[in-house]
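Encoded as structure tokens, the structure appears first; notes follow it.
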Amino acid sequence: LDLSGCLGLRNIPRSLWSLKGLQTLRMAGTGVEELPEEIGSLAGLQTLNLSCCFNLREIPRSLGLLTGLLTLRMAGTSVKELPEEIVSLAGLHTLDLAGCKSLKELPVCFSSMVLLQTL
């Protein structure tokens with residue numbers, strides 16, 4: 001599902017959370033301000049692109065439930081911290097945090113993310 005560039009999109013429609021088989025969610029360059037905890041219900045998600053969501057400041061803990069996630073792009077967001085639960089994404093290959101000027105620190109346990117190739 002590609003919602004990239006929808007600047008007027010501030011809230012994610014609730015119907016999205018019922019798409020259990022969704023593999024790719026691109027929301028780059030949208031006006032999304034927050035990801036609800038329900039993001040964790042997208043069990044089949046492999047790629048999540050939140051790049052250039054300048055209003056996005058917080059990532060929910062439930063992101064750690066997306067154990068099949070391979071790529072997480074958050075470049076250019078206003079995220080201040082990553083939840084510790086992100087280390088549950090053991091299969092993650094790519095974590096793009098370029099230009100996250102508000103990000104203060106990374107979770108300590110990154111060593112458990114052994115498949116991470118790009119940070």
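Remember, it's a predicted structure, so these values are computed and weren't measured experimentally.
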Going through the checks in order, is the side-chain contact (heavy atoms from CB on, under 4.5 Å) test met by Glu85 and Arg61? CA-CA 6 Å; Glu85 289 78 5; Arg61 301 174 96 167; 2.9 Å; yes
Tell me whether the count of non-hydrogen atoms from other residues, nucleotides or ligands lying under 6.0 Å of CD in Glu81 goes above 12. no
Side-chain donor-acceptor distances from residues 6-23 under 3.5 Å, at least two apart:
from	atom 1	to	atom 2	distance (Å)
Arg10	NH1	Gly31	O	3.4
Ser18	OG	Ser15	O	2.7
Lys20	NZ	Trp17	O	3.0

Would you say Leu1 and Leu70 are hydrophobically clustered, going by side-chain heavy atoms of ILVMFWY under 4.5 Å? no
Can you measure from CG (Leu82) to CG (Leu89) and round to the nearest 0.5 angstrom? 10.0 Å
dist Arg73:CZ -> Leu97:CG (nearest 0.5 Å) comes out at 11.0 Å
Any non-hydrogen side-chain atom of Leu42 less than 4.5 Å from a side-chain atom of Leu65? no
How far apart are the closest heavy atoms of Pro83 and Pro60, and which atoms are they? CG-O, 3.7 Å
Can you name the nearest heavy-atom pair linking Gly76 to Cys100, along with the distance? N-SG, 4.0 Å
I need the single residue from Thr94, Leu48, Leu95 that forms a side chain to side chain contact (heavy atoms under 4.5 Å, CB included) with Leu69. Which is it? Leu48
Roughly how far apart are Cys53 SG and Glu33 CD, rounded to 0.5 Å? 10.5 Å
Here the gap from Glu34 atom CD to Glu37 atom CD, rounded to the nearest 0.5 Å, amounts to 9.5 Å
Side chains of Leu45 and Thr24: closer than 4.5 Å at any heavy-atom pair? no
Nearest heavy-atom neighbours spanning Ser102 and Ser78: CB-O, 3.6 Å
Do Leu66 and Ile39 have side chains that approach each other closer than 4.5 Å (heavy atoms only, starting at C-beta)? yes
Name the residue from Asp96, Ile59, Leu103 that meets the side chain to side chain contact (heavy atoms under 4.5 Å, CB included) definition with Met74. Ile59
Hey, could you give me the OG1/CG distance between Thr77 and Asn55, rounded to the nearest 0.5 Å? 10.5 Å
Rounded distance [0.5 Å steps], CG in Leu92 versus OG1 in Thr71: 7.0 Å
